[in-house]
Amino acid sequence: MDNDLQKQMVFEANRKSVGVAYLLWLFLGSFGAHRFYSGRTKSGLAQLVLLLSVVGWLVLIPWLLIDLVLIPGIVHEQNMQTISRLTQPTPTQPLAAPQAQQQPRKVNTEADRKREAMLEDLRATGYKKDRRNSLYR
């Protein structure tokens with residue numbers, strides 16, 4: 001349960017607001033600020049480049065008017081991507097496996113623990129075990 005609360009807090013910290021996007025569109029829309037805010041950096045950069053040329057304004061003005069309608073969907077899509085990133089299992093968090101597929105854990109003896117610790121020390125220094133030919137065993 002604590003993990004769910006932490007994920008919710010991370011989402012709230014990264015959540016994008018439609019109101020903020022509209023304010024950015026209103027005051028800095030020609031610079032593409034609303035696009036940068038909503039995670040669309042490539043199209044925001046394209047709007048910024050179009051701003052620099054007179055001919056670009058012919059494309060930029062209709063694009064900004066279309067963005068007026070598209071902003072809620074863009075912000076919603078960005079928020080859904082944030083949620084999906086938070087709900088995906090991390091490499092340290094294994095996928096939940098059914099009980100029938102789980103294998104019993106091996107009980108390590110003191111010698112096994114020492115061997116594992118020694119191998120970890122060797123791996124940390126860059127040591128890799130070479131496969132030996134069975135002829136030399």
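Note: the hydrophobic cluster containing L24 also contains I71 (ILVMFWY, side chain heavy atoms under 4.5 Å, direct or indirect links).
Looking at every heavy atom in both residues, H34 comes nearest to A21 through CB-O, 3.5 Å. Closest approach of F31 and F36 over heavy atoms only: O-CE1, 3.8 Å. Taking all atoms of both residues into account, the shortest heavy-atom contact from V75 to S17 is CG1-C, 4.0 Å.
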(request) Show the numbers, then the answer: is there a side chain to side chain contact (heavy atoms under 4.5 Å, CB included) between I74 and R35? (result) CA-CA 9 Å; I74 292 171; R35 291 255 174 190; 3.9 Å; yes
Using distance only, find each side-chain donor-acceptor pair of residues 44-64 under 3.5 Å and give its atom names and separation, not counting sequence neighbours.
unit_1: Q47; atom_1: NE2; unit_2: D67; atom_2: OD2; d: 3.0
unit_1: S53; atom_1: OG; unit_2: G56; atom_2: N; d: 2.9
unit_1: W57; atom_1: NE1; unit_2: L51; atom_2: O; d: 3.3

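By the side chain to side chain donor-acceptor pair (under 3.5 Å) test, T41 pairs with no residue at all, sequence neighbours left out. Taking the side chain to side chain donor-acceptor pair (under 3.5 Å) definition, one finds that E77 meets it with R40, sequence neighbours left out.
Interatomic distance, L28 CG to Y37 OH, rounded to the nearest 0.5 Å: 13.5 Å. Going from atom CG of N14 over to atom CD of Q78 covers 9.0 Å, rounded to the nearest 0.5 Å.
Every pair tested for salt bridge (Lys or Arg N to Asp or Glu O under 4.0 Å) that includes a residue from residues 41-51 fails, sequence neighbours excluded, so the list is empty. Listed by first and then second residue, the side-chain hydrogen bond (donor to acceptor under 3.5 Å, both in side chains) pairs involving residues 18-33 amount to none (not counting sequence neighbours).
The closest side-chain heavy-atom distance from S38 to K16 is not below 4.5 Å.
Listed by chain and number, the hydrophobic cluster partners of L86 are V10, F11, M80, I83, where partners are ILVMFWY side chains within reach of under 4.5 Å, directly or through others.
Under a 3.5 Å cut-off, the side chain of N79 and the backbone N or O of R15 do not form any donor-acceptor pair.
Annotation: Q8, atom CD; neighbour count of heavy atoms from other residues, nucleotides and ligands within 6.0 Å does not exceed 12.
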